[in-house]
Amino acid sequence: MLTLPSLGQSRMRDFWKTMPDSLLPYLSRDIRFEMNDKYDIGQRATGPTSFGDSAVITALNDRYIDVSLSSAVRIQMRLLHLGNGKPLICVARTYGNDRGETRVSFYDAGWNLKAVFCTDSPCKYIKTIPPLTHRPDSMTEDRYAELLTFIDPRMVIAELSPIDDSLTMRLSMPVVGKGEENEMKSILLQRKLNWTGKRFN
């Protein structure tokens, strides 16, 4: 039987261990327990996945965990609190690296799904995507418009902070010619959203 953390003493490490296998099928609960134990005694906190990769906990504290599941899959979790004091678990799954995409899911303390955000689907906890491009003063409007056409499909990468209740967003780097990479980087922005107790804003 799965024992959920006490709401008065909830810590991210406890939610990580009690996360249902159905939400992370490639890393069993027993393996997650072993990884926690390794991290606590200062060992490299690795564990095998069902795909034959080696997962590793790269950061862990009472409110946050960052786990690399493979060279191309990363999961971050942060323990937020709603205005009424109830915990809300934010889980950011990123597939791919600079040219990847993030899916952000929100769960209550019993691991019941409350909302999901991805590039084309805002939710009640992330209602809008802030502007993630801008035109440098040295760039013509025509050239800026041309570069925007390369951002297709438009994919958002989001990262949770290990130190505060914030979420940073940026666009996935599109595939462009080598001579256009610096120009493309110059128009891409990174935006930080802060948790208000109701949503990231």
Is there a continuous path of hydrophobic side-chain contacts, each under 4.5 Å between heavy atoms, that joins [X] to [Y]?
| X | Y | value |
| --- | --- | --- |
| Phe117 | Tyr95 | no |
| Val176 | Leu148 | yes |
| Phe200 | Tyr107 | no |
| Leu79 | Leu193 | no |

[X] and [Y]: which non-hydrogen atoms are nearest, and at how many Å?
| X | Y | result |
| --- | --- | --- |
| Val104 | Ala158 | CG2-CB, 4.2 Å |
| Ala115 | Lys124 | CB-CG, 4.4 Å |
| Ile157 | Gly100 | CG1-O, 3.5 Å |
| Lys38 | Ala45 | CB-CA, 3.9 Å |
| Pro131 | Leu189 | O-CD1, 4.1 Å |
| Asn61 | Met12 | O-CB, 3.7 Å |

Note, [X] side chain near [Y] side chain (heavy atom, < 4.5 Å):
| X | Y | answer |
| --- | --- | --- |
| Met19 | Ile89 | no |
| Ser161 | Thr168 | no |
| Ser121 | Val116 | no |
| Leu171 | Val156 | yes |
| Leu160 | Met77 | no |
| Asp21 | Arg32 | yes |
| Asn36 | Leu60 | yes |
| Tyr125 | Leu82 | yes |

Spacing of [X] atom [atom1] and [Y] atom [atom2] [to the nearest 0.5 Å]:
| X | Y | atom1 | atom2 | result |
| --- | --- | --- | --- | --- |
| Thr102 | Arg93 | OG1 | CZ | 11.5 Å |
| Leu167 | Arg191 | CG | CZ | 14.0 Å |
| Glu183 | Leu147 | CD | CG | 5.5 Å |
| Arg63 | Asp165 | CZ | CG | 4.5 Å |
| Ile126 | Met169 | CD1 | CE | 4.5 Å |
| Leu27 | Glu34 | CG | CD | 10.0 Å |

Aromatic ring pairing Trp111/Phe15, orientation class (parallel under 30°, perpendicular over 60°, tilted between):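 Ring orientation of Trp111 relative to Phe15: perpendicular.
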
Test side chain to side chain donor-acceptor pair (under 3.5 Å) applied to Asp30 and Ser28, step by step: CA-CA 5 Å; Asp30 289 341; Ser28 71; 5.3 Å; no

All pairs passing ring pair (Phe, Tyr, Trp, His ring centres under 6.0 Å) where residues 19-66 contributes a residue, at least two apart: Tyr26-Phe51

Criterion side chain to side chain contact (heavy atoms under 4.5 Å, CB included) on Asp66 and Arg74, from CA distance to verdict: CA-CA 7 Å; Asp66 189 345; Arg74 176 189 187 192; 2.6 Å; yes

Audit row: Asp164, Lys192, side chain to side chain contact (heavy atoms under 4.5 Å, CB included) steps and yes/no: CA-CA 11 Å; Asp164 61 32; Lys192 181 178 179 180; 3.4 Å; yes

Sole residue of Asn112, Leu88, Val91, Leu113 in side chain to side chain contact (heavy atoms under 4.5 Å, CB included) with Phe106: Leu88

Identify every side-chain donor-acceptor pair in residues 135-142 under 3.5 Å, counting partners at least two apart or on other chains, and give the distances.
from	atom 1	to	atom 2	distance (Å)
Arg135	NH1	Met139	O	2.6
Thr140	OG1	Arg143	N	3.1

Within 6.0 angstrom of Arg44 CZ, more than 12 heavy atoms from elsewhere: no

Trace of the side chain to side chain contact (heavy atoms under 4.5 Å, CB included) decision for Arg154 with Thr133: CA-CA 11 Å; Arg154 183 171 179 264; Thr133 65; over 6 Å; no

Candidate pair Leu188 and Ile151, rule side chain to side chain contact (heavy atoms under 4.5 Å, CB included), full reasoning: CA-CA 10 Å; Leu188 298 181; Ile151 306 175; 4.1 Å; yes

Polar side-chain atom of Arg99 near backbone of Met173 as donor-acceptor pair, under 3.5 Å: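 Yes, the answer is positive, given that a donor and an acceptor are paired below the 3.5 Å cut-off.
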
